[in-house]
Amino acid sequence: MPCWAATGASAQLIPLSLTPSHIGTGSDPTNSNYKADWDAAAERWNILGEMAASRGLKLYTPNHDAACNFLLDSGPLDDLGRPTRSSGIRKLEYFFAQTADPRGPRPG
């Protein structure tokens, strides 16, 4: 038995502290300002959410200040074909609207 092994009441806490119920990322779903990239991130997130839910886990993403900026999703296109203006939709709000709630639809 290792010297740091817990006994008694503290031993009962160890499995709880080593068994997470939530897993997540250390950053925003994407660092991009473009709607298309947030769509791709939401698609990946939905797949990861299904995988996590099948294992009894829940996903989370932090909400850094950059995710509260507005998407570039309208206006004339730049030389690479990307939008140059925003319709006023915030990145993280858009992301959450595109991701599935694992609890299913909630009553309105």
Side-chain angles (χ1 to χ4, degrees):
M1 183 191 292
C3 63
W4 50 264
T7 59
S10 61
Q12 295 173 356
L13 296 177
I14 290 174
L16 296 175
S17 65
L18 298 177
T19 306
S21 60
H22 292 74
I23 56 174
T25 62
S27 63
D28 295 323
T30 179
N31 292 325
S32 173
N33 293 323
Y34 298 99
K35 179 182 172 288
D37 295 328
W38 283 84
D39 286 335
E43 185 177 333
R44 283 189 307 271
W45 195 259
N46 285 328
I47 293 167
L48 293 172
E50 288 177 16
M51 293 169 64
S54 72
R55 291 163 176 82
L57 299 170
K58 296 179 183 178
L59 294 180
Y60 70 87
T61 184
N63 54 350
H64 297 113
D65 63 334
C68 295
N69 292 335
F70 296 103
L71 282 173
L72 292 177
D73 61 349
S74 65
L77 302 181
D78 66 11
D79 292 339
L80 298 175
R82 299 174 301 192
T84 58
R85 294 194 185 127
S86 176
S87 63
I89 298 171
R90 295 193 184 273
K91 297 176 194 177
L92 203 54
E93 290 174 348
Y94 178 79
F95 177 77
F96 287 142
Q98 304 308 308
T99 55
D101 187 334
R103 297 171 294 180
R106 289 184 258 169

Side-chain contact, heavy-atom cut-off 4.5 Å: [X] with [Y]?
X     : Y     : result
Phe70 : Ile89 : no
Leu71 : Asn33 : no
Arg85 : Pro76 : yes
Phe96 : Thr61 : yes

Please name the pair of heavy atoms, one in [X] and one in [Y], separated by the smallest distance, quoted to 0.1 Å.
X     : Y     : result
Lys91 : Ala66 : NZ-O, 3.3 Å
Ser74 : Ser86 : OG-C, 3.4 Å
Ala42 : Gln98 : CB-CB, 3.6 Å
Asn46 : Thr99 : OD1-CA, 3.2 Å
Tyr60 : Trp45 : O-CH2, 3.2 Å
Tyr34 : Pro83 : CE2-O, 3.4 Å

To the closest 0.5 Å, what do you measure between [atom1] ([X]) and [atom2] ([Y])?
X     : Y     : atom1 : atom2 : value
Tyr94 : Trp38 : OH    : CH2   : 11.0 Å
Leu59 : Glu50 : CG    : CD    : 10.5 Å
Leu72 : Lys35 : CG    : NZ    : 12.5 Å

(request) Report the C-alpha distance between Thr84 and Leu77 in whole Å, list the side-chain angles of each, state the deciding distance to 0.1 Å, and finish with yes or no for side chain to side chain contact (heavy atoms under 4.5 Å, CB included). (result) CA-CA 6 Å; Thr84 58; Leu77 302 181; 5.9 Å; no
(request) List in chain and number order the residues that pass salt bridge (charged side-chain N to carboxylate O under 4.0 Å, His left out) with Arg82, two or more places apart in sequence or in another chain; answer none if no residue qualifies. (result) Asp78
(request) Test side chain to side chain donor-acceptor pair (under 3.5 Å) on Asp73 and Ser87 and set out the steps. (result) CA-CA 6 Å; Asp73 61 349; Ser87 63; 2.7 Å; yes
